[in-house]
Amino acid sequence: MRIHLLDEDSKTISGNFTAEMLFRQSLLELDIAFGKQDVKVDQVRKVMCRFFKDQFIKSVIYDESQRFYKRKTPKEANKSQLKEELIQKINRIGNQGKHAIMRMHHPFWGRMTYNDWNYLVWNYIDNHLSDLGV
């Protein structure tokens, strides 16, 4: 419901993060979880992030993942399409529960449990939705 409240041009108060950025980055994480996206992360960042995974994921205090890897997203996808795709993928998790998660190894964070995925997806999206005012 909160995602539906977002305007396509919503921005945080500081203006550094937009609804479109939330859609793209959240879709990246969900695609990784669903086994539909592979990303390449350099070895130094892999080691660093695996060491601090619990602190980063559980507190959502981490640099935006976009800085470290990029999602191969079609340029023609507009904001409303991204918004609907995100809602569908969140509903997939809601309907299928842990069975929606197909990959237990994240290329950036390393070995993941279902709880890790839960913390990552929920905290990340909740944190940014709050910043966007919904």
Side-chain angles (χ1 to χ4, degrees):
M1 295 305 294
R2 292 168 67 195
I3 294 171
H4 279 295
L5 296 174
L6 283 175
D7 184 288
E8 289 183 0
D9 297 318
S10 296
K11 291 183 181 178
T12 58
I13 294 171
S14 66
N16 293 333
F17 197 80
T18 65
E20 181 180 5
M21 291 169 71
L22 169 68
F23 301 154
R24 290 185 186 276
Q25 291 182 14
S26 299
L27 286 168
L28 168 63
E29 294 300 337
L30 291 169
D31 283 347
I32 290 169
F34 297 158
K36 293 183 175 189
Q37 178 73 45
D38 287 322
V39 294
K40 294 180 181 174
V41 180
D42 67 64
Q43 205 56 29
V44 173
R45 295 201 199 292
K46 278 184 186 180
V47 171
M48 186 177 71
C49 290
R50 287 180 186 157
F51 184 72
F52 293 106
K53 178 179 80 173
D54 289 339
Q55 293 86 353
F56 284 130
I57 291 175
K58 291 179 182 171
S59 65
V60 194
I61 301 173
Y62 58 90
D63 288 331
E64 300 301 339
S65 58
Q66 184 180 13
R67 294 182 190 171
F68 301 118
Y69 50 81
K70 297 178 181 176
R71 179 177 189 224
K72 298 173 186 168
T73 307
K75 298 286 184 191
E76 64 273 1
N78 65 36
K79 295 173 194 174
S80 62
Q81 289 172 323
L82 293 170
K83 180 178 181 177
E84 289 306 313
E85 182 182 351
L86 178 58
I87 290 168
Q88 288 173 357
K89 289 184 179 183
I90 290 173
N91 286 336
R92 175 178 170 183
I93 291 176
N95 294 331
Q96 296 179 2
K98 68 181 185 179
H99 300 292
I101 307 300
M102 304 303 290
R103 180 179 283 165
M104 299 310 291
H105 184 273
H106 189 285
F108 190 73
W109 299 113
R111 185 175 169 352
M112 300 281 281
T113 65
Y114 293 115
N115 273 347
D116 290 337
W117 278 113
N118 182 43
Y119 280 122
L120 177 65
V121 173
W122 167 251
N123 287 344
Y124 181 82
I125 292 173
D126 179 58
N127 181 51
H128 284 303
L129 287 174
S130 296
D131 287 345
L132 291 163
V134 296

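Keep in mind that the numbers below use all heavy atoms, side chains included, and drop hydrogens, waters and symmetry copies.
For the pair Lys79/Glu84, no side-chain contact is recorded, criterion being any heavy-atom separation below 4.5 Å from C-beta on. The shortest side-chain heavy-atom distance between Phe23 and Thr18 does not fall under the 4.5 Å cut-off. Here the side chains of Ile93 and Trp117 are not in contact, with every heavy-atom distance at 4.5 Å or above. Inter-residue side-chain proximity for Asp31 and Lys89 is flagged as met; some heavy-atom pair is nearer than 4.5 Å. Looking only at side-chain heavy atoms (C-beta outward), His106 and Glu29 come within less than 4.5 Å of each other. A heavy-atom distance below 4.5 Å is found between the side chains of Ile125 and Ile90. A heavy-atom distance below 4.5 Å is found between the side chains of Leu30 and Leu86.
Looking at Gln81, its side chain does come within 3.5 Å of a backbone N or O of Asn78 through a donor-acceptor pair. For the pair Asn95 (side chain) and Asn91 (backbone), a donor-acceptor distance under 3.5 Å is present.
Shortest non-hydrogen contact noted between His128 and Leu22 is CB-CD1, 3.7 Å. The shortest heavy-atom contact between Ser130 and Arg2 is OG-NH2, 3.4 Å.
How far CG of Leu132 is from CD1 of Ile3: 10.5 Å, rounded to the nearest 0.5 Å. Here the OG-CG distance, from Ser10 to Leu129, works out to 10.0 Å after rounding to the nearest 0.5 Å. One finds the CD atom of Gln25 at 10.5 Å from the CG atom of Leu27 (value rounded to the nearest 0.5 Å). Within the model, atoms CG of Asn115 and NZ of Lys98 stand 10.0 Å from one another, a figure rounded to the nearest 0.5 Å. Taken from CG in Leu82 to CE in Met21, the straight-line distance is 13.0 Å, to the nearest 0.5 Å. Rounding to the nearest 0.5 Å gives a distance of 8.0 Å between CZ of Arg92 and CD1 of Ile101.
Note: the hydrophobic cluster containing Trp122 does not contain Phe34 (ILVMFWY, side chain heavy atoms under 4.5 Å, direct or indirect links). Residues Leu5 and Phe17 fall within the same hydrophobic cluster, defined by Ile, Leu, Val, Met, Phe, Trp and Tyr side chains chained together at heavy-atom separations under 4.5 Å.
For Asp116 and Arg111, the salt-bridge test fails: no basic side-chain N is under 4.0 Å from an acidic carboxylate O.
For the side chain to side chain donor-acceptor pair (under 3.5 Å) test, no residue two or more places apart in sequence or in another chain qualifies with Asn118.
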